[in-house]
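Counting from 1, the numbers follow the sequence of the chain as shown.
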Amino acid sequence: MAFIAYFLLFFILTTAPSFCMQVGAGMPAVKTDSDSAVQLRPALTPSPSLQVTPDSALKANPQSTTSNETMTDKGIVLPSVDLPSPSSLPTTDALQPTTSGNATAQPVLKGSAVKTVTISQALNDALMNNPRTEAIRKQLGITKSAYWQALTFPNPSLVLINGYGSLSFQQAVNVPIEPPWKVLFRLLIAKRQVAQTKLEIARDLWKFRADIRRSFTELALAQETAETLSDLSQLAEKLLDVAQKRFNAGDVPELDVLKARLATSQANIELRQGNMRTTRAGQQLNVVMASPLENSISVPRLPLFRLKVSKDRAEELSTAERNDLLPDFSKPVPPLTEFITIAQTNRLELKIINKQINVASAQLKAAFGNIIPTPEFMWGRDFSGNPPVPETGPDSTVGLLFNVLVQLPVLDFQQGQITQLRATIKQLRAQLQGQKNIVTGEVSSAYNNLITARQRILEYQEHVLFDSYEVARLARRSYEVGQSDITATLTAQQANVAVRRDYLNAIMDYQLAFTDLEQSIGVPLQ
C-alpha cells in the first residue's frame, strides 16, 4: 500500500505542471463580457536604436545565446564559445523586419560588427577598389600605345628581278626613309592624345564620384527615415494602449481603439518598407565600394532634431554644422559669379575640348608635313650577260644597282585632310563656346537649388521641427486627459512624421544640389 501511495504522489507531481501549462495556453488573454468586445493585443517591445552594439543586443535578447553558456562569478550568463549568428546581431545598414503574430516590426541588425563609413572613406574605397574605376584607368595604356605607333617606320622590301632571256639579274633592297619631321609630328600627336585621355579618365572618375556621394546620402537618409518610422510605430503603440485603457474604462467608444490599431498597422507596414530601403541602400553602397554585399555598414547619424530652439544647444548645433550632409550656416555661400569663374577654369569638359583642339592642330601640322612624300632608296647587285655567251663568258658584267623613287605631290598634296582638319578646329572652337554656355546654365541651376534647399533646412531647424513635435506631443497629451478625440491626435502625429520626412527630403535635395554644383564647377566643395 505504501508503494502505491508513493507512486501516485510521484505521478501527480510530474504531470501537474505540464497539465497546468496546457490549460493556461488555451485560455484567452483577456476575458470580455460580449463577443463584440475588442481583445487586447500582445505587449510590444520598443524598437531598438540604430546604434545598438552587439553586447547590448545579447543583454536585451538572452534567448539569442547558445546552449554553451557559462555562469560567471557575478552571476551573469555569457556565451562560452559559440557566437550568435550574424542575423541575430545589430547593424544599421540592413534593417530587416521581424514580426511575431501582431508584434511591431523591429529593426533587426545583421552582422557581428557594424562598420561606420564616412563620406571620405567611401570615396577613397570606391575610387581605389571599384572595378569600374580600374577599367576607366586602363584606357590610358591603350592611348599610350600611340607612342609606339609614332615610332613605327615603313618596312624595307627585297627586290629580285630575273631576266633569263637576256641573262639579266638584279638583287636589291628597297628602304623607305621618312623625313624626321614626320616622326616628330606623330610623336606630338601621340603626346596630345595621351593628355586628352588623362582628362577623359579624370572626367569619368569625377562623374563616378557623384554616384558615390548619392549612394552615401541615400543610406544616411534611409537610416534616418527608418528611425523616424520606428518612432512613429512606438508612438502608435502608446496611443493604442491609451485608447484601449480608456475604452476599458468606458471613456471612449470602440471606434477609437480600431482607429489606433489601424494607425499602428500602417506604421508597422511603413517601418518594414523603411527597413528594406535601408537594406537596399547599404547593399548599393557596398557594391559601389567594391565590398562584400553582406558587409554591415552604417554612416554617421544626423544630429538631433530641434537644434535651434534654444541658446543652450550651441554644442549640438556645431555638431550639426560639421556633419557632412548638413550645410554650415556659419559660413555664407559665395556669389554665383565666383562659382561660374571657377567652372570656366576647372571644368573637365572644357579642358577636354581644348585638348581636342590641340590634337587637331598637331594633326594639321602632320598633314602639311606629309605633303613632301617619303623617298625610297634601292641598292643592290646588277648582273648582265650577252646571249648566247655563257654567264661566265668574257662579255658578262657585274655592277652596283642604285635607284631612288620619289612621288611628286602634284595631284595629292593632302588637300582633303588639311581642309577637314581646319573645319574640325573651327567646329571644336564653336563647341567650346557652346560648352561654356552649358556649364554656366548647370552652375546656375545647381547653385539656386542649393540655396533653396539650404534655406528650407534652416527654417526646419529653427522652428518647424520643434513646432511640429510640440503639436504632436500636446495633442497626444490632450487625448490622454480626455480633452480631444483620437482623430485629431492621429492627424497631429502623422503631420509630425510628415514634417520630419520633409526635413529629410530637404537634406536629400541639398545633397543632390551640392553634388550637382561640385560636378558643374569641376572641383570639390567644402
Heavy-atom distance under 4.5 Å between the side chains of Q344 and K436, does that happen here? yes

Would you indicate whether Q431, at its atom CD, is surrounded by more than 12 heavy atoms from other residues, nucleotides or ligands within a distance under 6.0 Å? yes

Taking all non-hydrogen atoms of both residues into account, name the closest pair between P327 and Y510 and its distance. CB-OH, 3.3 Å

Among residues two or more places apart or on two chains, list those pairs meeting side-chain hydrogen bond (donor to acceptor under 3.5 Å, both in side chains) that have a residue in residues 348-359. R347-E349

Shortest non-hydrogen contact between A236 and A267, atoms and distance: CB-CB, 4.4 Å

With the side chain counted from C-beta on, respond yes when I297 and T116 share a heavy-atom pair under 4.5 Å apart, and no when they do not. no

Inter- and intrachain pairs under salt bridge (charged side-chain N to carboxylate O under 4.0 Å, His left out), touching residues 419-430, at least two apart: none

Sort and list the pairs that fulfil ring pair (Phe, Tyr, Trp, His ring centres under 6.0 Å) and have at least one residue in residues 263-290, not counting sequence neighbours. none

Distance-only check: which donor-acceptor pairs under 3.5 Å involve side-chain atoms of residues 179-186, not counting sequence neighbours?
| unit_1 | atom_1 | unit_2 | atom_2 | d |
| --- | --- | --- | --- | --- |
| W181 | NE1 | G369 | O | 3.1 |
| K182 | NZ | I372 | O | 3.1 |
| K182 | NZ | T374 | OG1 | 2.9 |
| R186 | NE | A150 | O | 3.0 |
| R186 | NH1 | E178 | OE1 | 3.2 |
| R186 | NH1 | E178 | OE2 | 3.3 |
| R186 | NH2 | A150 | O | 3.0 |
| R186 | NH2 | T152 | O | 3.3 |
| R186 | NH2 | E178 | OE1 | 3.0 |

With salt bridge (charged side-chain N to carboxylate O under 4.0 Å, His left out) as the rule and sequence neighbours excluded, what pairs involving residues 406-416 come up? none

Step by step, work out the salt bridge (Lys or Arg N to Asp or Glu O under 4.0 Å) result for E134 and K138. CA-CA 6 Å; E134 183 66 18; K138 293 296 184 182; 3.4 Å; yes

Within this structure, what is the CG-CG distance for the pair L221 and L325, rounded to the nearest 0.5 Å? 6.5 Å

Are the side chain of S291 and the backbone of V287 linked by a donor-acceptor contact shorter than 3.5 Å? no

Dump the intermediate steps for salt bridge (Lys or Arg N to Asp or Glu O under 4.0 Å) on D211 and R214, then the final yes or no. CA-CA 5 Å; D211 296 337; R214 294 188 183 100; 3.4 Å; yes

Can you find a pair of side-chain heavy atoms, one from E270 and one from L232, that are under 4.5 Å apart? yes

dist Q223:CD -> R301:CZ (nearest 0.5 Å) comes out at 6.5 Å

Can you check whether A513's main-chain N or O pairs, donor with acceptor, with N449's side chain at less than 3.5 Å? no

On a heavy-atom basis, the closest approach of F208 and R132 is CE1-CZ, 3.6 Å

Applying side chain to side chain donor-acceptor pair (under 3.5 Å) to E224 and Y503, what does each step give before you reach the verdict? CA-CA 10 Å; E224 299 300 326; Y503 173 69; over 6 Å; no

A side-chain contact here means heavy atoms from C-beta on lying under 4.5 Å apart; do N403 and F377 qualify? no

Scanning both residues in full, the closest heavy-atom pair of Q193 with A146 reads OE1-CB, 3.8 Å

With side chains defined as the heavy atoms from C-beta onward, is the minimum distance between L229 and D231 less than 4.5 Å? no

Going by side chain to side chain contact (heavy atoms under 4.5 Å, CB included), L525 matches just one of I342, L517, T515. Which one? L517

Closest contact, heavy atoms only, N130 versus V288: ND2-O, 2.6 Å

Do V443 and V439 have side chains that approach each other closer than 4.5 Å (heavy atoms only, starting at C-beta)? yes

With under 30° as parallel and over 60° as perpendicular, where do the rings of F339 and Y447 fit, or are they tilted in between? tilted

Measuring only between side-chain heavy atoms, which start at C-beta, is F514 closer than 4.5 Å to R213? yes

Could you give the distance from CD1 (I418) to CG (N370), rounded to the nearest 0.5 Å? 9.0 Å

If we only count heavy atoms from C-beta on, is the I425 to S361 side-chain gap below 4.5 Å? yes

Tell me which pairs pass salt bridge (charged side-chain N to carboxylate O under 4.0 Å, His left out) where either residue lies in residues 502-514, with sequence neighbours left out. R456-D509

On a heavy-atom basis, which atom in A472 and which in A492 lie closest, and how many Å separate them? CB-O, 3.8 Å

Rounded distance [0.5 Å steps], CD in Q494 versus CZ in R501: 10.0 Å

Q415 side-chain N/O to L411 backbone N/O, donor-acceptor pair under 3.5 Å: yes

Main-chain N/O of A226 paired to S230 side chain as donor or acceptor, under 3.5 Å: no

Check: L127 main-chain N/O paired with T133 side-chain donor or acceptor under 3.5 Å: yes

Taking the side chain from S145 and the backbone from I142, do they hold a donor-acceptor pair closer than 3.5 Å? yes

